[in-house]
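Heads up: the structure comes next, in structure tokens.
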Amino acid sequence: MNSSSGSSQAAASLEQGHALLSHDYTLRSDLARLCLPAATRDENRKLAWLNSICFLFLVVGGIGLKTRPVIPKQLEVPVDIVPVVFTPPVEPPKVNPEPQIQEPDPNQEVTFDTPQIATVVAADPAAVSFAVPVEGPVVFAPARFAAPPPPSPPKPPSPPKPTVFQAGKSQGYFPDPPYPSLALRRNYEGNVMLYVIVDTNGSPASITVKDASGYALLDSHSSDWVKNHWRWSPGETRHYLVPFHYRIR
């Protein structure tokens, strides 16, 4: 009951205060002004702040728009350029040192080089029909001890001339090679010429690429195909030039 009665009294006092303010009642006590902030409320304060801010912007804008006066600067008269001539110092003449002549040591014994005279070996004087002036001793070698010149080595036999291979004229098994799949996808074309040496059993003993196609894939495929699939009939050693032509149709 006491709390409800206190709140009702405070509300009544506030209503009384508002009633007093509405009737132009002036509070003169500072404590009353502090307790009733509505009493010190000034409706023109916001307008004063707004006017101050606008005035501040006008002042700042006026200062910014004010341009500085242009002060012409007097140009300085250029001074005449005096060229500077550099004179290098005179170099003193070079004096070449005189070669020092070494005086021989009187206590050192002087040795003279003795000339080396080569011994001349000549054939039997009976076989010499002209005189040859020589220096030094001459020793005559008997003609019977002269060694004959060594015989010249025999010339190596020239390799046999290879023949162009023709499947119809040779006996054996010569299947045609398939077109390499990778070369077919890449559109590789060309001609390959192999130099094949066939041994006595009919097997290719040596295969050499004589003319390449420009693609290592086609060259190696031709060489491997002849080595693994081609067989000749037994006989003498034969040399062939085997052509292969790769064309995409």
Side-chain angles (χ1 to χ4, degrees), residues 94 96 99 113-249:
K94 295 182 180 179
N96 297 326
D113 296 336
T114 56
Q116 297 293 332
I117 301 174
T119 303
V120 178
V121 179
D124 191 357
V128 178
S129 59
F130 55 90
V132 179
V134 295
E135 294 182 357
V138 177
V139 177
F140 295 99
R144 63 178 182 274
F145 295 119
S152 59
K155 295 182 180 179
S158 59
K161 186 177 180 181
T163 58
V164 179
F165 174 78
Q166 295 181 1
K169 296 183 179 179
S170 300
Q171 296 181 358
Y173 180 66
F174 314 105
D176 294 333
Y179 211 104
S181 57
L182 182 59
L184 187 63
R185 290 196 300 270
R186 296 182 179 178
N187 296 326
Y188 287 173
E189 294 182 347
N191 301 322
V192 183
M193 181 67 75
L194 300 179
Y195 179 66
V196 182
I197 300 177
V198 182
D199 58 8
T200 56
N201 296 326
S203 300
S206 175
I207 300 175
T208 307
V209 178
K210 188 174 183 299
D211 296 330
S213 62
Y215 300 102
L217 179 61
L218 298 179
D219 300 342
S220 60
H221 178 73
S222 304
S223 178
D224 295 341
W225 184 262
V226 171
K227 180 179 180 181
N228 299 324
H229 297 83
W230 284 22
R231 291 295 181 271
W232 280 263
S233 60
E236 297 178 352
T237 302
R238 286 144 288 181
H239 299 254
Y240 291 107
L241 291 176
V242 182
F244 287 95
H245 306 285
Y246 293 91
R247 293 289 183 273
I248 299 175
R249 298 177 180 175

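Along the sequence shown, residues carry numbers from 1.
Between H221 and P178, the shortest heavy-atom contact is NE2-O, 2.9 Å. The two residues T200 and R238 come nearest to each other via the heavy atoms O-NH2, 4.4 Å. The two residues D219 and V192 have their closest heavy-atom pair at OD1-CG2, 3.3 Å. In terms of heavy-atom proximity, G190 sits nearest to L218 at N-CD1, 4.1 Å. Nearest heavy atoms, F244 versus P177: CE2-CG, 3.6 Å. The two residues R231 and K227 make their nearest non-hydrogen contact at NH1-O, 3.3 Å.
For Y246 and Y215, the gap between ring centers reaches or exceeds 6.0 Å. Checked against the 6.0 Å centroid threshold, Y240 and W230 do not count as a close aromatic pair.
Atoms OG and NE2, from S213 and H245 in turn, are 12.0 Å apart once rounded to the nearest 0.5 Å. Residue I207 holds its CD1 atom at 8.0 Å from CG of D224, rounded to the nearest 0.5 Å. Expressed to the nearest 0.5 Å, how far OG of S223 lies from CG of N228 amounts to 9.0 Å. One finds the NE2 atom of H229 at 12.0 Å from the CG atom of D176 (value rounded to the nearest 0.5 Å). Here CZ of F165 is found 12.5 Å from CE of M193. Values are rounded to the nearest 0.5 Å.
Contact annotation: the side chain of Q166 never approaches that of S170 to less than 4.5 Å [non-hydrogen atoms, C-beta and beyond]. Contact of the K210 side chain with the V196 side chain is not registered, since no non-hydrogen atoms from C-beta on lie closer than 4.5 Å. The closest side-chain heavy-atom distance from Y195 to L241 is below 4.5 Å. No side-chain heavy atom of W225 sits under 4.5 Å from any side-chain heavy atom of L194. In this structure the side chain of Y188 reaches within 4.5 angstrom of the side chain of L217, judged on heavy atoms. Counting only heavy atoms from C-beta outward, the side chains of I248 and N187 approach each other to under 4.5 Å.
A side-chain donor-acceptor contact under 3.5 Å links D199 to the backbone of N201.
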